[in-house]
Protein chains: 2
Amino acid sequence: MQNSFTEENYLKIIHSLSGRDGAEVSTNALAESTATRAASVTDMLRKLAEKGLINYKKYQGVTLTEQGEKVAIKVIRKHRLWEVFLVEKLGFGWDEVHDIAEELEHIPSEILVEKLDTFLGHPRFDPHGDPIPDAKGNLTEPDYLVLTDVQIGEKVRMMGVLDHAPSFLQHLDRSGITLGSVIELKEVNDYDKSASVQINGGQTLFISLEVSKNLLVQRR
Amino acid sequence: MQNSFTEENYLKIIHSLSGRDGAEVSTNALAESTATRAASVTDMLRKLAEKGLINYKKYQGVTLTEQGEKVAIKVIRKHRLWEVFLVEKLGFGWDEVHDIAEELEHIPSEILVEKLDTFLGHPRFDPHGDPIPDAKGNLTEPDYLVLTDVQIGEKVRMMGVLDHAPSFLQHLDRSGITLGSVIELKEVNDYDKSASVQINGGQTLFISLEVSKNLLVQRR
DNA sequence: ATAAAATTTTAGACTAGCCTAAATTTTATT
DNA sequence: AATAAAATTTAGGCTAGTCTAAAATTTTAT
């Protein structure tokens, strides 16, 4: 049996709120993320539980079952592949693709996904640096660190973002920080934790703590 | 205001049943094409009429308003562009793309369509030979003829199909008849109107009236 | 011209997904 | 441990889109 657009969205959101450890997700958190009311979430949880997609005990929060996890990862795979398509093939900016991919991710057809994957050359990461699950549903989160965890003097490579908001991505564009940029942490201001960084051995710029907290980087 | 998936489908189907002359479409015809019951069609017609998308008087059948026509053509444009993408870029067969395009055609975003169009090189026809409306909504149906209207001895070019059923398209594949093939009509059997045709000056084969009736061709 | 047949519409009902308001359960605070 | 606050669920209701059965209208055929 097929899952509806809405069901898929719930599963995807539960997956992302649940985090790496598969922690329980609360009704209120889901209400917030789905932009619906808690009462509506409860209705949907009952339904998803009946279908065997989540583990749900009243008042106790939910986790995905193995089956639900599978569905969620498929949706994530589709979302990220379509984002690659939109950026690499159609020329969208990385700040413009989220909403469109949000629709495309619910198009059914296994074959479509696999052909798209092949067409794109089996990309491992989407335009925001998020890893793309493989066809078997293996999703390995690379263990990047957040820029705030980097020591002064370290040179790291920019690998992804935690915040996907267009305004944040546009801010990075204006700062000349893109995926793959080498960032050298020059100093951190004691007072507000703002940092001065050098990008690709060239221009030096100041970034706020807010920005640092949302940059995923890798030691080299 | 946005139109729903279902509303878009009704408009698209009314457009196609209405034909070039914009003839009235009956409730039953719509029920058949939408695979719903006549009563459900009536409900939807009332709604579309209220939105100003169709001209509807009870018991009299419907036609599209200018506004409705616009929406229908946009959906058709999207459908056909996605079909080109699926065949040209992803490598699907022309018999495999209809259902997937049926989903993709409802993805909103004007920009997406225009970027897709550019990416595909502004194709004029889809993989079945159907014309693709331009961004302004101009849809010019080329005046192809059906193979049954061709005289014996004539050489024509295969330009499209009337029946889009996978089984028919697969049959053409097996016969070696593709878009652009040159077909010379050798003879027509008086009894059952089956025909013998030569393809691209090579192989000669017999085709039934059923096939002839569904082949669109052009004199050269 | 009119009765039978076919088509279409109305009436009433169902499901998915959402809502508000009220009730219940859990958690936090004293 | 008792109670206040917060979180969650239940109850009852709404809309979109569908259905069946019955009523109304149009078309067809005598």
Side-chain angles (χ1 to χ4, degrees), chain A residues 1-15 17-19 23-64 68 71-72 75 102-103 105-108, chain B residues 1-15 17-19 23-64 68 71-72 75 102-103 105-108:
Chain A
M1 66 202 77
Q2 275 281 83
N3 302 298
S4 73
F5 186 106
T6 310
E7 288 167 346
E8 286 189 351
N9 266 336
Y10 270 86
L11 295 173
K12 182 186 64 169
I13 290 171
I14 293 169
H15 178 94
L17 293 178
S18 201
E24 258 136 45
V25 177
S26 77
T27 300
N28 263 359
L30 281 168
E32 162 119 46
S33 290
T34 55
T36 62
R37 296 322 184 96
S40 310
V41 172
T42 300
D43 284 348
M44 183 56 81
L45 294 185
R46 201 163 6 80
K47 192 173 145 201
L48 291 173
E50 247 162 50
K51 285 185 131 190
L53 296 164
I54 60 174
N55 304 115
Y56 173 53
K57 255 173 271 157
K58 284 202 289 186
Y59 296 99
Q60 306 298 283
V62 290
T63 58
L64 293 175
V71 175
V75 176
E102 207 71 1
E103 303 279 335
E105 72 188 7
H106 302 291
I107 302 284
Chain B
M1 63 204 82
Q2 276 281 84
N3 301 298
S4 73
F5 187 107
T6 310
E7 288 168 345
E8 285 188 353
N9 266 336
Y10 270 86
L11 295 172
K12 182 188 63 170
I13 290 171
I14 293 168
H15 177 93
L17 294 178
S18 201
E24 258 135 46
V25 177
S26 76
T27 300
N28 264 359
L30 281 168
E32 162 118 47
S33 290
T34 55
T36 62
R37 298 320 186 96
S40 311
V41 172
T42 301
D43 285 348
M44 182 56 81
L45 294 184
R46 202 164 5 79
K47 192 174 146 201
L48 291 172
E50 248 162 49
K51 284 184 132 191
L53 296 164
I54 60 172
N55 305 114
Y56 172 53
K57 254 173 272 158
K58 285 202 288 185
Y59 296 99
Q60 306 300 281
V62 291
T63 58
L64 293 175
V71 175
V75 176
E102 207 70 1
E103 303 280 336
E105 73 189 7
H106 302 291
I107 302 283

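Reminder, nothing fancy here: chain letters follow the sequence lines and each chain counts from 1.
With sequence neighbours left out, A:Arg46 forms a side-chain contact (heavy atoms from CB on, under 4.5 Å) with A:Asp43, A:Glu50. B:Asn55 is linked by a side chain to side chain donor-acceptor pair (under 3.5 Å) to B:Thr63, counting only residues two or more places apart in sequence or in another chain. For A:Thr36, the side-chain contact (heavy atoms from CB on, under 4.5 Å) partners are A:Tyr10, A:Thr34, A:Ser40, A:Val41, not counting sequence neighbours. Scanning for salt bridge (Lys or Arg N to Asp or Glu O under 4.0 Å) contacts around A:Glu102 gives A:Lys12, with sequence neighbours left out. For the ring pair (Phe, Tyr, Trp, His ring centres under 6.0 Å) test, no residue two or more places apart in sequence or in another chain qualifies with A:His15. Residues forming a ring pair (Phe, Tyr, Trp, His ring centres under 6.0 Å) with A:Phe5 (at least two apart in sequence, or on another chain): A:His106. In terms of the side-chain contact (heavy atoms from CB on, under 4.5 Å) criterion, B:Ala39 has no residue partners (sequence neighbours excluded). Partners of A:Glu32 under the side-chain contact (heavy atoms from CB on, under 4.5 Å) rule, at least two apart in sequence or in another chain, do not exist in this structure. Applying the salt bridge (Lys or Arg N to Asp or Glu O under 4.0 Å) rule to B:Glu103 yields no partners; only residues at least two apart in sequence or on another chain are considered.
Summarising the geometry, the separation between CG on B:Leu45 and C1' on D:dT18 is reported as 14 Å, rounded to the nearest angstrom. Rounded to whole Å, atom P of C:dC18 lies 12 Å from atom CG of A:Leu30. If you measure from atom CZ of B:Arg46 to atom C1' of D:dT15, you get 13 Å, rounded to the nearest angstrom. Summarising the geometry, the separation between CD on B:Glu7 and C1' on D:dT18 is reported as 14 Å, rounded to the nearest angstrom. Whole-Å rounding puts the B:Asn9 CG to D:dT18 C1' distance at 15 Å. Protein atom OH of B:Tyr10 is 14 Å distant from nucleotide atom P of D:dA16, rounded to whole Å. Atom P of nucleotide C:dT26 and atom CD of A:Glu24 are separated by 13 Å, given to the nearest angstrom. In this structure, CG of A:Asn3 is placed 17 Å from C1' of C:dT15, rounded to the nearest angstrom.
At the heavy-atom level, A:Phe5 lies nowhere under 4.0 Å from the strands shown. Within the 4.0 angstrom heavy-atom criterion, base atoms lie near A:Thr42.
Among A:Val25, A:Ile54, A:Leu48, A:Leu53, the one residue that satisfies the side-chain contact (heavy atoms from CB on, under 4.5 Å) test with A:Leu64 is A:Ile54.
Regarding contacts with the backbone of C:dT9, a side-chain N or O of B:Tyr56 is found under 4.0 angstrom from either OP1 or OP2. For A:Ser4, no side-chain nitrogen or oxygen approaches OP1 or OP2 of C:dA16 to under 4.0 Å. Regarding contacts with the backbone of D:dA7, every side-chain N or O of A:Ser26 stays at 4.0 angstrom or more from both OP1 and OP2.
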Q. Could you write out DNA chain D as a dot-bracket string, with dots for unpaired bases, | for bases paired across to another strand, and Watson-Crick or G-U pairs counted at under 3.5 Å?
A. ||||||||||||||||||||||||||||||
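Looking at B:Glu7, its side chain does come within 3.5 Å of a backbone N or O of B:Ser4 through a donor-acceptor pair. A:Ser18 places a side-chain N or O within 3.5 Å of a backbone atom of A:Ala23 that can act as its donor or acceptor partner.
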Check the interface with nucleotides 2-6 of chain D: list each N/O to N/O pair with the protein under 3.5 Å, or write none.
none

**Q.** Heavy-atom protein contacts under 4.0 Å, nucleotides 19-25 of chain C, coded B base, S sugar-phosphate only, - none
**A.** BBB--BS
